[in-house]
Amino acid sequence: ISYYMGNEPKREQADGAGNAGGGEPCGLTLVDKLESMYKAFNFTLKNSYEITLKRPDHIYYIFGFMGALVSLEERYKTGQVENRLSFKEVIENEYMFFNEFIENWAGLFASEIIEKAGSPFYVLAAGLMQTFISSEQRDYQSLLLQICNVNVT
């Protein structure tokens, strides 16, 4: 992801408060932001040998975290886990992560695969990824609209 989004420091603080304290804002890289998010959810991705992976911006790690967020949503809906957040906030967190760390760059990644792949298999797989991401985007938007309408009426 850093290759596609850049890895320059962003002028914001890890808690999202910006420069409200009057001091100098800290510079966060994309990797810093991802690591902070993983830490907030106590998420560590390990390979099959139980070795902790070290690239928080790797596609495998990002999709693993997204899978963990979706799993948390499912457990939350069925009452298997208590959460201090409302269901709407759980979905909003998923949607934010999806938009910022998947939807924003995966299309670029898939387009590059389609352009450079020498195999029809990879071209089709990248096209499926683009279709899936578009479908998920629509589903999140629809779900958020339903939640907002339920809460308003």
Which value, rounded to the nearest 0.5 Å, describes the distance between [X] atom [atom1] and [Y] atom [atom2]?
{"X": "Phe101", "Y": "Lys33", "atom1": "CZ", "atom2": "NZ", "value": "5.0 Å"}
{"X": "Ser71", "Y": "Tyr76", "atom1": "OG", "atom2": "OH", "value": "15.0 Å"}
{"X": "Gln130", "Y": "Ile114", "atom1": "CD", "atom2": "CD1", "value": "4.0 Å"}
{"X": "Glu94", "Y": "Ile91", "atom1": "CD", "atom2": "CD1", "value": "4.5 Å"}
{"X": "Glu74", "Y": "Leu69", "atom1": "CD", "atom2": "CG", "value": "12.0 Å"}
{"X": "Met129", "Y": "Ser134", "atom1": "CE", "atom2": "OG", "value": "11.0 Å"}

Under 3.5 Å donor-acceptor, [X] side chain and [Y] backbone:
{"X": "Ser111", "Y": "Gly107", "value": "yes"}
{"X": "Thr131", "Y": "Gly127", "value": "yes"}
{"X": "Asp57", "Y": "Val31", "value": "no"}

### Query
Mind checking whether Phe97 and Tyr38 have parallel, tilted or perpendicular rings, split at 30° and 60°?
tilted
### Query
Around atom CZ of Phe41, are there more than 12 heavy atoms of other residues, nucleotides or ligands at under 6.0 Å?
yes
### Message
For the CZ atom on Phe63, are there more than 12 heavy atoms of other groups (residues, nucleotides or ligands in this structure) within a distance under 6.0 Å?
### Response
yes
### Task
Please step through side-chain contact (heavy atoms from CB on, under 4.5 Å) for the pair Ile59 and Trp105, ending with a clear verdict.
CA-CA 10 Å; Ile59 190 171; Trp105 69 271; 3.7 Å; yes
### Message
Side chains of Glu136 and Gln141, heavy atoms from C-beta outward: is any pair under 4.5 Å?
### Response
no
### Query
Stepwise, does the side-chain contact (heavy atoms from CB on, under 4.5 Å) test hold for Leu143 with Asp139?
CA-CA 6 Å; Leu143 183 57; Asp139 289 348; over 6 Å; no
### Task
Apply the test side-chain contact (heavy atoms from CB on, under 4.5 Å) to residues Leu128 and Phe132: give CA-CA distance (whole Å), side-chain angles for both, the deciding distance (0.1 Å), then the verdict.
CA-CA 6 Å; Leu128 285 173; Phe132 174 76; over 6 Å; no
### Query
Going through the checks in order, is the side-chain contact (heavy atoms from CB on, under 4.5 Å) test met by Ile133 and Phe98?
CA-CA 9 Å; Ile133 288 168; Phe98 178 81; 3.9 Å; yes
### Task
Provide the closest heavy-atom pair for Ile62 versus Pro56 in the form atom of the first, atom of the second, distance.
CG1-O, 3.8 Å
### Query
ring-ring contact (aromatic ring centres under 6.0 Å, His included) between Tyr60 and Phe65: does it pass, once the steps are laid out?
CA-CA 9 Å; Tyr60 180 74; Phe65 184 68; over 10 Å; no
### Summary
Hits for side chain to side chain contact (heavy atoms under 4.5 Å, CB included) against Glu92, two or more places apart or cross-chain, chain-then-number order -> Lys88, Glu89, Leu144
